[in-house]
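See below for the structure under consideration.
Note: hydrogens, waters and symmetry copies are ignored here, and every other heavy atom, side chains too, is used. Please read all numbers here as calculations on a predicted model, not as lab measurements. Below, chain A is the first sequence line, B the second, and so on; all start at residue 1.
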2 protein chains.
Amino acid sequence: MPKSAAPLYEQIRQLIVAALAEGEWRPGDALPSEAALAERFHASPGTVRRALDELTAAHVVERRQGAGTFVATHTAPRDAYRFLRLVADDGTVGFRRELVHCRRARASAETARALHLRTSEPVIEVRRLLLRGERAVVLDDLWLPERHFAGLSAEIINEYPGTLYALFEERYRVHMVRAEEKLRAVAASAEAASLLGLQGGAPLLSVDRVAFTYGDRPVELRRGLYHTEADHYRNQLN
Amino acid sequence: MPKSAAPLYEQIRQLIVAALAEGEWRPGDALPSEAALAERFHASPGTVRRALDELTAAHVVERRQGAGTFVATHTAPRDAYRFLRLVADDGTVGFRRELVHCRRARASAETARALHLRTSEPVIEVRRLLLRGERAVVLDDLWLPERHFAGLSAEIINEYPGTLYALFEERYRVHMVRAEEKLRAVAASAEAASLLGLQGGAPLLSVDRVAFTYGDRPVELRRGLYHTEADHYRNQLN
DNA sequence: GAGTGGTCTAGACCACGTA
DNA sequence: ACGTGGTCTAGACCACTCA
């Protein structure tokens with residue numbers, strides 16, 4: 001029917017994302033049924049279905065036959081480590097977490113650029129370790145815009161039982177949809193080596209990540225240093 | 001209509017892949033029209049379309065509106081570097097290639113396992129460099145089962161103008177569909193350092209790849225060592 | 001049993017590429 | 001002008017979940 005540029009299913013997809021960005025449905029909630037959405041958007045069920053197909057492929061929503069369509073969440077055990085590609089060579093899974101610090105700071109030029117902030121805008125800086133047994137495997141540094149994560153503190157992080165992304169979702173209503181990573185091999189700095197219990201200069205996998213919430217708004221910059229002696233970063237190429 | 005386990009569109013998808021594996025259509029060829037396929041598989045056009053949707057998403061086929069549906073190829077410039085995730089920090093693209101050797105060998109236990117061969121089955125071993133300007137950025141070692149790549153030689157590789165995957169496709173009718181990679185940071189061995197013009201112990205990104213052809217049959221094992229001083233490996237997380 | 005998503009069909013009309 | 005894929009609709013029937 002519409003002569004406009006984008007096909008109807010694409011417009012509907014965007015309208016659903018906009019509603020998610022505004023918080024009309026929260027992670028874990030059920031969306032209206034396909035028939036109800038079709039009525040709301042004045043489209044046929046098949047067209048709505050196509051929009052939901054794409055959102056399902058992008059892990060924005062999740063369908064459960066017989067039950068409904070639900071907003072994707074990082075709270076569910078299934079999706080807890082969706083963005084962590086590091087796996088042990090022997091298949092072991094799961095890490096113990098240890099917070100190093102959580103403090104207020106000002107955005108560096110690099111952070112500001114990545115997160116679309118003004119330079120020296122307030123950010124929250126988090127550093128933590130991921131450990132297996134007594135060995136530290138990952139050193140993560142995070143930068144978060146304070147305007148989205150006001151009040152985040154070491155206490156809050158330490159008290160929360162789930163992953164950081166689950167915490168961000170539950171407490172700050174910021175749901176991470178996708179991320180872009182840039183990987184490099186680097187030599188461990190003295191500081192990183194000491195935190196990871198290695199010798200300076202040891203090879204580390206550096207993973208720079210920018211994570212995006214609904215509408216492709218960048219809301220987290222993260223730099224991970226992975227000690228890949230008994231672990232590897234797995235990737236699928238299509 | 002069928003009560004069998006898999007939905008009809010999935011069965012059709014598999015039948016199309018089987019036909020591709022048997023060489024009924026070669027990379028670059030046009031498939032029959034959706035209507036013709038519907039008739040062939042005794043299904044409705046919508047069902048065939050769904051099968052083609054999935055094959056399109058997997059980059060197995062490519063649709064061109066008004067023209068038809070074509071078997072995906074590594075020959076086309078668009079897809080030449082589909083599996084190379086390494087990009088220069090400044091956006092520069094493209095490498096010069098330099099063959100180090102191409103020789104017959106026997107599969108190691110590791111190679112045999114990755115490629116589903118018997119240990120010490122004949123394989124072809126290729127080593128090459130990728131360079132930008134005068135700087136070597138990548139050292140690649142490849143292992144290929146001789147039974148799929150009989151006669152591959154340094155001459156053949158050096159004479160062929162396109163990528164290795166395009167060569168494999170044109171000359172050996174082996175089309176790479178997808179790949180799995182495992183990444184690590186490692187210290188450069190003396191040999192690798194010398195080939196890449198670095199000092200021993202320099203941090204390198206090690207990329208182990210197994211590439212699969214139609215029907216998930218592994219046909220290439222590759223170990224790349226990437227010098228990531230002015231380049232990075234980019235990845236999208238969904 | 002009522003309601004949900006999953007599959008499959010049938011057909012209309014449009015946009016595009018080729019010649 | 002023709003044939004191709006792209007969009008959109010309408011409806012039937014099935015499989016599953018949950019009260």
Does A:Y9 make a side-chain N or O approach to OP1 or OP2 of D:dT7 shorter than 4.0 Å?
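The answer is yes; a side-chain N or O of A:Y9 sits under 4.0 Å from OP1 or OP2.
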Rounded distance in Å - [atom1] ([X]) to [atom2] ([N]):
X: B:F70; N: D:dT4; atom1: CZ; atom2: P; value: 11 Å
X: A:Q11; N: D:dG6; atom1: CD; atom2: P; value: 19 Å
X: A:R13; N: D:dC8; atom1: CZ; atom2: C1'; value: 18 Å
X: B:L31; N: D:dG5; atom1: CG; atom2: P; value: 9 Å

Taking the side chain as C-beta and beyond, is there a heavy-atom pair between A:F149 and A:V174 under 4.5 Å?
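Touching, per the 4.5 Å side-chain cut-off.
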Distance, nearest 0.5 Å, that separates [atom1] of [X] from [atom2] of [Y]:
X: A:M176; Y: A:T73; atom1: CE; atom2: OG1; result: 12.5 Å
X: B:E10; Y: B:R50; atom1: CD; atom2: CZ; result: 9.5 Å
X: A:W25; Y: A:F70; atom1: CH2; atom2: CZ; result: 13.5 Å

Assess the pair B:F168 and B:H74: is the distance between their ring centroids shorter than 6.0 Å?
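No; B:H74 has its ring centre 6.0 Å or more from that of B:F168.
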A:Y214-A:H175 aromatic ring centre distance below 6.0 Å:
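Between A:Y214 and A:H175, the centre distance is under 6.0 Å.
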Taking the nucleotide of DNA chain D with the nearest heavy atom to each, does A:R64 or A:E10 sit closer to the 5' end?
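The residue whose closest nucleotide sits nearer the 5' end is A:E10.
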Identify which one of B:R223, B:R209, B:R128 satisfies the salt bridge (Lys or Arg N to Asp or Glu O under 4.0 Å) criterion when paired with B:D140.
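By the salt bridge (Lys or Arg N to Asp or Glu O under 4.0 Å) criterion, B:D140 pairs with just one of B:R223, B:R209, B:R128: B:R128.
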Sorted by number, the residues of residues 47-57 of chain A with heavy-atom contact under 4.0 Å to DNA chain D
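By residue number: A:T47, A:R50.
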Using a strict heavy-atom distance below 4.0 Å, which residues from residues 34-45 of chain A are in contact with DNA chain D?
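Heavy-atom contacts with DNA chain D come from A:A43, A:S44.
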Under 3.5 Å side-chain donor-acceptor pair for B:Y233 and B:E181
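Yes, a side-chain donor-acceptor pair sits under 3.5 Å.
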From the set D:dG5, C:dT9, D:dC8, return the single nucleotide nearest to any side-chain atom of A:P7.
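Among D:dG5, C:dT9, D:dC8, the one nearest the side chain of A:P7 is D:dC8.
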Every protein N/O within reach of nucleotides 1-3 of chain D N/O, cut-off under 3.5 Å:
from  : atom 1 : to    : atom 2 : distance (Å)
D:dG3 : N2     : B:G66 : O      : 2.7

B:Q14 atom CD, over 12 foreign heavy atoms within 6.0 Å:
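Above 12, so yes.
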